[in-house]
Amino acid sequence: MASKPQPWSGRFRAPVAERVKRFTASVDFDRRLAQHDIVGSLAHARMLAAARIISKADLRAIERGLARIRREIQSGRFAWSLDAEDVHLNIERRLTVLVGEAGKRLHTARSRNDQVATDLRLWLRDEIDAIDERLVALLRALITQAERHAALVMPGFTHLQVAQPVTFGHHLLAYVAMLERDRARLAECRLRVNQLPLGAAALAGTSFPIDRMRVARELGFQGIAENSLDAVSDRDFAIEFCACAALAMVHLSRLSEELVLWSNPRFGFVRLPENYCTGSSIMPQKKNPDVPELVRGKSGRVIGSLVALLTLMKAQPLAYNKDNQEDKEPLFDAVDTLRDSLAVFAGLVAGLAPVPRAMRAALNEGHATATDLADYLVRKGVPFRDAHEIVARAVREAEERGSDLARLPLATLKRFSPHIGADVRRVLSPEGSVASRRHAGGTAPGEVRKAAARARKRLAA
Ligand code: ARG
C-alpha cells in the first residue's frame, strides 16, 4: 500500500527513505500521550474559536472528530500508522479524514513543538497524582506497622554492627520520614510541571491573537511557560521528576536491602508474606525475596533515566531539537517503575511479620545497652569519658566469658565501678534502654506512638 505523504512533504522532491521514516518515528511510544494530546487540542481549538481564528462550525467539527478518535483509541480500534510519524500527526490525520477541512485548521497558531511539551506536562501531572496516591498507600502501611510494633525492641545498627536498641516501629518511621520528603518534593516538582507551553508555537510565538491564559485555565495549568523559546525547549520538569523518582527509588532500595538481610535466617528479623516471595525451580527449600531484590535492582533504571535526561539536554542549543523526542522513553520508564514499585511495596510492608525472638537473640549478643550503662554512670557523677572506659572494660570481660554485658552478675559489674547498684538491671535491659529515650524523635514506645499519630495526621491533611 502506498503510504500517504507527510504533512511537511511539499518541500521535498523525494520521499523520505523507509529506513529514516522508521528511525525518526516515535508513534510506537508516544501514542501513550494520545488522550492528553486530545485534551490539549480541544482547549486549543476552543481558544481559536473564541478568538475568531477559526469558525464555530469548525470548532464543532473538531470536537466531534476528536471525541470519536478518543473512543477509537480507548477501544483499541484506532489504526496507528508509522507513516504519520508521531501521536500528534496520527491524530491530526485521522481528524482530517473524519471532519475534512476543519481538521486541517486545528494546527493554526500551534506547532508540534509546543504541542508535545504540553502533552508531556499534562500527562506527567496526572502521573504525579497517581504516584502520590501510591506513596500515601505505602505510608499508611508503614505507619500501621509502626503503631502495631511501637514497643517491639530490636537492635539498631551502625556500620551494620549492633549499636543500640531501637523499636521496630521507630525503624519503620525512618522510612516514613523519607517518603514524606518524597511527597513534598513531588508536590514542588508538580508546580513547575503545571505551566502551559502552548502558544509558543515552533519557537517564536504566533502572529495570531491567541489567548494563552484561557488555554491554561481550561487545562488546569497554574500559569504559562512564558518565554516562547524556553517553553518549547525546557525539559527541566522531566529532569526534576526523574530526580524525585530516583531518590524515592533509592529509599525503597534501602528498605529492600534491609528486608533481604532481615529475611535471611542469619538475621531472621522478619518474615516476608509468602504471596510476595518466590521459590526456586531447583532448590525445593527456597523462599526468595524477589520483590525487594527487584526493587533494589530497578532503582538503577530510574537513576539511569535521570542521567539520560540530563545528558540529553546538556548540549542542546535553543530551542527545540529532535533530540527531545528521546525524552519520552526514560521518563515513561521512570514513572512506570516508581509507580509499580510503590504499589508492590505497600502490599509487602502490610504483610511483614517481625520475629521478636530473633530480634531479642541479636540484642543479647551485641552488648547493645553499653551506652546506657555509660549514661547511668554519668548520672551517678562519673565524667562521660571515664564512664566510657569503665564500660569498655566490662564489655571486654563479657566478651572473654562469651557472655553479654547485660548478663554479667551484679558482683562482677561492681568490680568495674562502685557506683553500679541493683538499679542497673533495668538500665541494661533493651526495654529500659528504649523507654529512656523519650524526647521528640526518640525511640521510646510512647514517642513512637505519638510520632506515628502525627504522621497519620499529616497524611489526612
Ligand atoms: N515527535 C516529536 C517529539 O517527540 C514531536 C515534535 C516534533 N517537532 C518537530 N519539529 N519535528 O519531540
Side-chain angles (χ1 to χ4, degrees), residues 3-12 15-17 19-41 43-44 69 73 78 80-96 104 106-127 193 195-206 225 227-239 241-242 305 308-336:
S3 54
K4 279 202 209 86
Q6 266 74 9
W8 38 259
S9 63
R11 192 226 171 279
F12 295 85
V16 65
R19 154 181 295 149
V20 173
K21 203 189 273 176
R22 275 200 308 276
F23 186 70
T24 54
S26 55
V27 63
D28 281 345
F29 52 86
D30 66 14
R31 50 196 266 196
R32 186 165 178 174
L33 300 173
Q35 296 300 336
H36 296 89
D37 191 72
I38 290 172
V39 168
S41 287
H44 179 66
I69 291 171
I73 293 172
F78 191 87
W80 295 101
S81 139
L82 206 64
D83 278 333
E85 206 175 312
D86 58 23
V87 61
H88 323 292
L89 295 179
N90 264 273
I91 290 175
E92 188 185 314
R93 182 183 283 186
R94 177 72 182 141
L95 181 65
T96 303
K104 299 192 203 169
L106 171 61
H107 211 52
T108 313
R110 182 174 81 168
S111 150
R112 274 184 296 156
N113 297 351
D114 58 346
Q115 187 179 356
V116 69
T118 301
D119 293 3
L120 209 52
R121 285 169 183 264
L122 282 171
W123 174 84
L124 184 57
R125 190 177 70 186
D126 281 351
E127 294 295 334
V193 170
Q195 306 283 328
L196 174 78
L198 214 59
L203 76 163
T206 173
N227 181 282
S228 65
L229 292 165
D230 179 55
V232 288
S233 62
D234 170 38
R235 294 295 182 274
D236 290 3
F237 65 94
I239 294 175
F241 172 81
C242 285
S305 288
L309 291 191
L310 285 168
T311 314
L312 177 70
M313 296 311 296
K314 74 175 266 294
Q316 280 197 50
L318 288 177
Y320 176 87
N321 302 281
K322 187 75 164 178
D323 310 43
N324 281 348
Q325 186 164 288
E326 287 290 307
D327 61 2
K328 286 167 206 65
E329 286 158 296
L331 181 63
F332 292 169
D333 193 70
V335 162
D336 292 342

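Read the numbers this way: they start at 1 and go in the same order the structure lists the ligands and their atoms. All heavy atoms count here, side chains included; hydrogens, waters and symmetry mates do not. Residue numbers run from 1 in the order of the sequence given.
For atom 11 (N) of ligand 1, the closest heavy atom belonging to the protein is R112 NH2, 3.7 Å. For atom 10 (N) of ligand 1, the closest heavy atom belonging to the protein is N113 OD1, 3.0 Å. Nearest protein heavy-atom contact of atom 2 (C) of ligand 1 is Q325 OE1, 3.3 Å.
When heavy-atom distances to ligand 1 are checked against a 4.0 Å cut-off, Q115 has no atom that comes that close, whether in backbone or side chain.
Near K328, meaning under 4.0 Å from any of its heavy atoms, are these atoms of ligand 1: 3 (C), 4 (O), 12 (O). Within ligand 1, the atoms closer than 4.0 Å to a non-hydrogen atom of S26 are 1 (N), numbered from 1 in the order shown. Every atom of ligand 1 is numbered from 1 in the order shown, and the set under 4.0 Å from a heavy atom of D86 is 1 (N), 2 (C), 5 (C).
Checking only distances, Y320 does come within under 3.5 Å of ligand 1, N or O to N or O. Not a single N or O atom of K322, backbone or side chain, sits closer than 3.5 Å to an N or O atom of ligand 1.
Side-chain atoms of Q325 and D86 include no donor-acceptor pair closer than 3.5 Å.
Note that the CZ atom of R32 and the CG atom of D37 stand 15.0 Å from one another [nearest 0.5 Å].
Between the side chain of D114 and the backbone N or O of L198, no donor-acceptor pair lies under 3.5 Å.
Annotation for K322: atom NZ counts as buried by contact number, over 12 foreign heavy atoms lying within 6.0 Å.
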